[in-house]
Each structure stands twice: as C-alpha cells, then as structure tokens.
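If you read the sequence from its start, that first residue is 1, and numbering goes on from there. Order of listing sets the numbers, starting from 1, for every ligand and every atom in it.
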Amino acid sequence: MSVTTVPTKPFDGQKPGTSGLRKRTAVFEKSPHYTENFIQATLDSFPGGVQGAALVVGGDGRYFSVPAIQRIIRVCAGNGVARLIVGQHGILSTPAVSHLIRLHKTKGGILLTASHNPGGPDADFGIKANLSSGQPAGENVTNAIYEKTKTISEYRIVEGEDVDVSKIGETKFGAMEIAVVDSVADYLAYLGEIFSFPLIKEFLQQGDFTVRFDALHGVTGPYGRALFVDTFGLPESSIQNCVPSPTFNGGHPDPNLTYAKSVVDAVEKEGLSFGAASDGDGDRNMIIGKGAFVNPSDSVAIIADWAEKAIPYFQKGGVKGLARSMPTSGALDRVAKAHNLPFFEVPTGWKFFGNLMDAGKLSICGEESFGTGSDHIREKDGLWAVVAWLSIMAMANKEKPGTSVQDVLQAHYQKYGRNFFSRYDYEEVESAGAQALMDALAQKFADPSFAGTKLGSFEVAKGDEFSYTDPVDGSVSLHQGHMITFTDGSRIIFRLSGTGSAGATIRLYVEKYSQDPSEYAADAQVGLKPLIDEALKLSELEKYTGRSKPTVIT
Ligand code: VG1
Ligand code: CO
C-alpha cells in the first residue's frame, strides 16, 4: 500500500481546550477532512515525530468512535507510525490509555472522548493526544497542534479496508502493525498491584458494608463489572448502568448529584453503605455514603491523609507531594501541612500535574470537578479513587467496626476543620455575554481600591487573575481564572470552561473555611449562601447572561 497525499483546507476553531478538541459530533463526522486534519496536525506535533513509533488508540465508545478510529488508522499509516495498540471495539477508559502508554512505553496515545459531555449524532465528540509518560499533551504541544491546523494544506493517508477492531489479536494495515487488546485486563491487573484486593474483598464479603457502582453507561461498565462482580465476588446488584452505550443511553455521563442521581437515590432508598459513579471516559468519580456526599475537594484530602496507612502503593513508595487545581478547596493544603509534604496549586486541567509527577515531586492530586488520582498513571482515575475509598473504609472498619462514610468525613473535619465548597455552572450561555462578565470583573480587580472593600460581611484581601509558572519546565500559563480572596481565607472564583462544545460555560466556585464543630454537619449550600449572593451581585451575572439559576450546582 502506498501513501496518498490528500489536499485539504484549514478549519476554524480546531483549538484543543482544557482536555482536547471537543465539538458537536456532526462536525467531526460530517465535515470531510475535519478529523483527518486534526489527526495530521496532532501527529506533526508529537515531540520527536511519530515515524516508526507506537501509539495507543481508544476511547469511551461513544457514537462515531469506531469510524474515527478507522480514519486515525489511515492517517497514522500515512505518517509512518509502526504500531497501534487499539482497545477492543475501540474501548479504553482514559486512565487505561494512560496506563497502556506507560506499560508499553509508546510514544503516546490518541483518545476519542468528550468525557462527561453527552454522546450521539447530535451530541459531542472529542479527540485528545497524550504523550509518552501517559499525560495529556501540555499547552506547548496543544498550541503547536492549533497552529498547524490553521495552515494545513494536505494530510497523508494509506488507503485500505476498515480494520476489524472487534477481535482481540494482531493484524496489519499496510506496513503498520495493529494490536487489538482487551480493554480491561491490563488496567485491572495494575489496580491489583496498587491496592490489596484480598483485603477489600474480605471486607465486602462480610456483607455489612453494601455498595453500588454506577457507570452511567460510560466506558467503566466492563471495568466495574470486572472489579465488583468478578474480583470482589459481589452480586449483580453491586453495579448498575454498566453496559456501555454509544449515547450513554441518552444521559449525561457526569458523576455529580444532578446527573448521577440514580445512584444517590439507590443508596438512600436501599440504605446502602457506599455509592460511586464514574464519567463517560472513566477518569472522574463521585463518592457517596448513606446521608453523605463526599465533596471531591474533601475526597482528595481524605485519600491523602489515609494513603500511607490504607493503600499498599503508598505504604511502599511513600507520598512525595500533594497538589490541587486552583479552584479546588484548600482542604488538601491542610493535610499537606500536617504531613509536612511539598504542595502545589496548578491551573484547571490534569495536564498540569504530569511534570510534577515525572519530576518525583507529586504523588496524590485532585480537582474539585470530581477528578482524583495519583502518580500511578498520568490521568485522573475514577476507579482508582473508588478503590482508594474502599481501602480506607476497609481499614477504618478494621480499626472500628461499623464506621460509615459520614463517620470518616466528620472525623476529618474534627481533625482539620471544614472547607465548605460549592460550584455553580451556567452551561452554554451566549459567549459574548460571558466574556463581557469576565472583562468587567478584571476591570473591577484592576482598581487599586478594590482590596479592602466589603462584600457583605466579607472583606476583600485581593482580586486577581490566576497564572502559573511550571516549577519543572518554567512554562507560563496565563488567564486561568478570576479570583477574589477575602481576609478570612474565603474565596470566590470565576472561570470560563474549556471543555464545552457550544457557547460558553461560566463556572463560579466559592469556598469558606470553618473551625466551628457545630457547623461541620451543615449543608454546604446553607453556609455558603451569603458568599454566593455576593458573587452574583458583584458579577451581575444575571444581567450579562440572562440566567437567574445555574444549570448544575455541586
Ligand atoms: C473541566 C473541569 C476540569 C477538568 C476538565 C476535564 O474543565 O473543570 O477540572 O480537568 O473538565 O475533565 P473546564 O475547562 O470545563 O472547567 V474530563 O473528565 O472532561 O477529562
Ligand atoms: Co472524563
């Protein structure tokens, strides 16, 4: 088979966001050359090139995944890629891709996912590149990709029949080798090295601590089944929505209190001890207990606090450092201080943690957006977080039988105080209005008299825009969100989302710290109301967006 050069023209807006390029599916599917252009620009931007390289390819199995993989196979062959490792049926969770890249020491990977965004012909699709240590491409690479998409005039393919990705085994496409691999096996074996499966199995088999895992019809269905049913020996009722669907069964595969209500209801109605959910591509997690919602900012803090006690991976290797994204609450900061650990605050998006991990400075990190993970791979990892929590619950119950998720939460607050945290999302508002709101905030912050003013009972310490200098490679990331810090440590943050596919999404984050034990059991929304009201007033959000209510409250 010979290489064909296909003439093409640039498309507007092929700019990767917080986590890859996300657009309506039809844009990828129906615009001729659109997908190939982006893949060509991506391959051109891999540090060191892809000639003779191996790459991992897979995704969350959403609608258009397999046709996209066929296009990727042709462009990869046209660019001299030597070997592709493809998940069976195109299915690999985002953490599993990161793991396979590291396991097989490939040049990187291409992930087909729009994560927690809905899937289907009228919903979203996405493509993302990960590099050789398994981490999402950083801004130097994503900027290079974008620049290439603006001037692209041709791409290279090898023509040929579609490759059957439904059967595990080795095959060839022209000179390129293709290995179709089991989606679950390697990843699950790796989790088995990190955690003590026998210990968790023994704990769950006692039957007092009941669990339900909800894959929301996303990619983690087969992984969840392999873990809960096949490994821990639990009944079918320990999992739900575990058959992956190209449209996520028409749902929104986002594990939060709004979109994962089915598991929240199940835990409450059936009186289960523990519930968990993961997103479309398996990198997010939500943890709940009976009557207890574990805020993701608390979750990473609690995992970090227990790590060396409850998780073999950290018992062996220790914890080198902790990190969180900027909008994530300061609960983790307090654990870092108490354990005397290096601590980092990075911009939103997992790509900012990779360098710190590669440099041996970071072991456990998290984002408020239901992302938790460690340096076992270079992506956030939904099932890892779920098993981390099961390890903690097993250990806590060993120490004191009958310990609930709520008990673990309250014990943490008693020790560290509580960082109340909430996020309001205003999805798909009109872009111009959203930008005007952000600009107006920047203007307010620029006034030197803004510091010292009072918003209700809160006194402003400063208002500024977050920027970050990577301590490892010195790269600078600007414009990462507008933040007001108050003299009591409370914060209000406004950011524009970088993962939407249409319009703009405004995220408002609020945080308040309390050391008053009488408040620890309170509903976060009640305690944060005064701060939220001030944020809405200051930003004139309703005036700029026409929205009187957020789409999602976390
Ligand atoms: C959101 C979250 C961010 C997360 C990103 C990707 O980004 O806020 O914390 O890393 O999604 O998650 P944004 O720019 O929309 O706020 V996922 O599960 O899509 O890979
Ligand atoms: Co995701």
Side-chain angles (χ1 to χ4, degrees), residues 15-22 59-62 92-98 111-119 124-130 135-139 142 215-216 218-220 223 248 252-256 259-260 277-286 296-297 299-300 323-329 345-354 365-373 377-385 421 423-429 434 438 466 477 479-482 493-509 551-552 554:
K15 185 173 169 46
T18 312
S19 187
L21 179 70
R22 294 185 192 174
D60 58 20
R62 70 181 57 222
L92 286 172
S93 75
T94 291
V97 172
S98 187
L111 292 82
L112 296 319
T113 172
S115 188
H116 53 285
N117 298 15
D124 288 356
F125 194 75
I127 302 181
K128 171 169 112 157
N130 281 26
Q135 79 274 30
E139 284 187 337
T142 55
L216 299 175
V219 74
T220 53
Y223 298 80
F248 307 110
H252 202 137
D254 198 358
N256 57 39
Y259 298 124
S278 191
D279 70 333
D281 65 325
D283 55 357
R284 295 186 178 205
N285 74 93
M286 180 179 74
S297 300
S299 178
V300 64
R324 61 165 170 81
S325 67
M326 179 272 280
T328 304
S329 94
E345 181 185 39
V346 308
T348 295
W350 210 258
K351 56 181 177 248
F352 294 103
F353 294 123
C365 53
E367 296 191 278
E368 47 65 41
S369 54
F370 298 86
T372 330
I377 54 169
R378 296 293 181 274
E379 288 276 6
K380 55 188 186 274
D381 190 341
L383 277 178
W384 175 92
F421 178 85
R423 181 174 113 177
Y424 278 32
D425 296 323
Y426 300 82
E427 292 176 358
E428 298 193 4
V429 303
M438 298 298 275
F466 185 68
S477 302
H479 314 303
Q480 298 296 326
H482 294 294
I493 295 153
F494 283 90
R495 255 189 87 243
L496 291 183
S497 155
T499 57
S501 60
T505 290
I506 298 175
R507 305 205 193 286
L508 160 61
Y509 313 78
T551 323
V552 178
T554 299

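- The N/O atoms of Asp283, backbone and side chain alike, include one that comes under 3.5 Å of an N/O atom in ligand 1.
- Contact atoms of ligand 1 toward Arg22: 17 (V), 19 (O), 20 (O) (distance under 4.0 Å to a heavy atom of the residue).
- Using a distance-only test at 3.5 Å, with no hydrogens or angles considered, a donor-acceptor pair links the side chain of Ser297 to the main chain of Ser329.
- Closest to atom 7 (O) of ligand 1 among all protein heavy atoms lies Thr499 CG2, 3.4 Å.
- Ligand-side atoms of ligand 1 in range of Gly349: 10 (O), range being under 4.0 angstrom from any heavy atom.
- In this structure a side-chain-to-backbone donor-acceptor pair under 3.5 Å is present from Thr328 to Glu368.
- Counting only distance, with no hydrogens or angles, the side chain of Ser98 and the backbone of Ile377 share no donor-acceptor pair below 3.5 Å.
- Heavy atoms of Thr505 found under 4.0 angstrom from ligand 1: none, in either backbone or side chain.
- In summary, the side chains of Asn285 and Ser278 do not present any donor paired with an acceptor at a separation below 3.5 Å, with no hydrogens or angles considered.
- Between atom 11 (O) of ligand 1 and the options Glu367, Arg284, Arg495, the minimum heavy-atom separation is to Arg284.
- Against a heavy-atom cut-off of under 4.0 Å, Arg423 is close to the following atoms of ligand 1: 8 (O).
- Taking 2.8 Å as the limit, the number of protein N, O or S atoms around the Co ion (ligand 2) is 4.
- At a 4.0 Å heavy-atom cut-off, ligand 1 touches Ser497 through backbone and side chain alike.
- Every residue two or more places apart in sequence or in another chain was checked for a side chain to side chain donor-acceptor pair (under 3.5 Å) with Gln480, and none qualifies.
- For the pair Glu367 (side chain) and Gly349 (backbone), a donor-acceptor distance under 3.5 Å is present.
- The pair Lys351-Glu379 does not count as a salt bridge, with every side-chain nitrogen at least 4.0 angstrom from each carboxylate oxygen.
- With hydrogens and angles ignored, the 3.5 Å screen pairs a side-chain donor or acceptor of Thr113 with a backbone N or O of Ser115.
- Remark: the backbone N or O of Asp283 is paired with a side-chain donor or acceptor of Asp279 at under 3.5 angstrom.
- Close approach to Lys380 involves these atoms of ligand 1, each under 4.0 Å from a residue heavy atom: 4 (C), 6 (C), 10 (O), 12 (O), 17 (V), 18 (O), 20 (O).
- Of the heavy atoms in Glu379, none comes closer than 4.0 Å to ligand 1.
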Full working for side-chain hydrogen bond (donor to acceptor under 3.5 Å, both in side chains) between Glu139 and Ser477: CA-CA 8 Å; Glu139 284 187 337; Ser477 302; 3.0 Å; yes
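- When all heavy atoms of Gly280 and Phe248 are compared, the pair lying nearest together is CA-CE2, 3.9 Å.
- Protein heavy atom closest to atom 9 (O) of ligand 1, with residue, atom name and distance, is Ser369 OG, 2.6 Å.
- Residue Arg507 places at least one N or O, backbone or side chain, under 3.5 Å from an N or O of ligand 1.
- The two residues Thr372 and Trp350 have their closest heavy-atom pair at C-CH2, 3.8 Å.
- Among residues two or more places apart in sequence or in another chain, the side chain to side chain donor-acceptor pair (under 3.5 Å) test is passed with Asp124 by Arg24, Asn117, Ser501.
- Residue Asp279 approaches ligand 1 through these ligand atoms, each under 4.0 Å from one of its heavy atoms: 18 (O).
- With sequence neighbours excluded, the residues forming a side chain to side chain donor-acceptor pair (under 3.5 Å) with Tyr509 are Arg495, listed by chain and number.
- Residue contact check: Ser115 has heavy atoms under 4.0 Å from atoms 17 (V), 18 (O), 19 (O), 20 (O) of ligand 1.
- Heavy-atom contacts of Ser19 reach the following atoms of ligand 1: 6 (C), 20 (O) (cutoff under 4.0 Å).
- Atoms of ligand 1 lying under 4.0 Å from at least one heavy atom of Thr348, given by number and element, are 3 (C), 8 (O), 9 (O).
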